[in-house]
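Bear in mind that the values here come from a model prediction, so they are computed numbers and not experimental data. Throughout, residue positions are numbered sequentially from 1 according to the sequence presented.
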Amino acid sequence: QVQLVESGGGLVQAGGSLRLSCAASGFDFSSSFMGWFRQAPGKDREFVAAINWSGGSTYYSDSVKGRLTISRDNAKNTVYLQMNSLKSEDTAVYFCAAGVGRRNIATMTTQYQYDYWGQGTRVTVSS
């Protein structure tokens with residue numbers, strides 16, 4: 001069955017770094033666009049970053065551009081989110097998601113473009 005398993009979350013001080021991983025199985029990972037979303041306490045889930053099937057194209061929300069970097073390793077069926085210069089407002093549960101057969105990365109900011117979702121990993125940034 002399809003699985004997306006996030007890991008790497010935790011508690012970090014403001015200005016610090018974390019790397020999130022999402023291990024995928026049960027679907028054609030190398031043909032799928034992948035994305036990261038987050039949901040802060042009391043807020044809606046929001047788009048963070050997306051990457052196309054080859055890793056050659058990425059897209060970020062304005063709030064994370066220049067600090068967070070999405071990447072993927074198709075040989076390992078894994079997508080990553082490198083998080084640097086973390087701020088308290090980055091505190092949230094982070095979810096990875098897969099969009100199978102997508103073609104336009106600019107459309108990957110919306111949740112309905114994704115077919116599969118992980119359970120999330122919590123990131124807490126202390127100020």
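A donor-acceptor contact shorter than 3.5 Å is absent between the side chain of Thr58 and the backbone of Ile51. Arg102 places a side-chain N or O within donor-acceptor distance of the main-chain N or O of Val100, the cut-off being under 3.5 Å. With Glu6 contributing its side chain and Cys96 its backbone, the two residues share a donor-acceptor pair below 3.5 Å. Under the 3.5 Å distance criterion, the side-chain polar atoms of Ser32 are left unmatched by any main-chain donor or acceptor of Met34.
With no hydrogens or angles considered, no side-chain donor-acceptor pair links Asp73 and Thr78 at under 3.5 Å. Residues Asn74 and Arg72 bring a donor and an acceptor atom of their side chains to less than 3.5 Å of each other.
Two residues are said to be in side-chain contact when any heavy atoms from C-beta on lie closer than 4.5 Å; Thr124 and Val12 fail this criterion. A 4.5 Å side-chain heavy-atom check between Gln82 and Ser71 finds every atom pair outside the cut-off. Between Ile70 and Val79, some side-chain heavy-atom pair lies under the 4.5 Å cut-off. The shortest side-chain heavy-atom distance between Met108 and Tyr114 falls under the 4.5 Å cut-off. A heavy-atom distance below 4.5 Å is found between the side chains of Phe33 and Ile105. Trp36 places none of its side-chain heavy atoms less than 4.5 Å from the side chain of Phe47. Within the 4.5 Å cutoff, no side-chain heavy atoms of Thr69 are placed close to those of Leu81.
A centroid separation of less than 6.0 Å is found between the aromatic rings of Phe37 and Trp117. Ring pair Tyr116/Phe27: centre-to-centre distance below 6.0 Å.
Of the charged side-chain nitrogens involved, none lies within less than 4.0 Å of a carboxylate oxygen, so that Asp44 and Arg38 do not count as a salt-bridged pair. A salt bridge between Lys87 and Asp90 is absent, with no side-chain N of the basic residue lying under 4.0 Å from a carboxylate O of the acidic one.
In this structure, CG on Asn84 lies 7.5 Å from CG on Leu68, to the nearest 0.5 angstrom. To the nearest 0.5 angstrom, Thr107 atom OG1 is 4.0 Å from Gln113 atom CD.
Taking both residues in full, the closest heavy atoms of Ser30 and Trp53 are given as O-CB, 3.3 Å, listed atom of the first, atom of the second, then distance.
Relative to the six-membered ring of Phe95, Arg45 meets both conditions, a distance below 6.0 Å and an angle of at most 45° to the axis. With Tyr80 as the aromatic partner, Arg19 meets the cation-pi criteria of under 6.0 angstrom to the ring centre and within 45 degrees of the ring axis.
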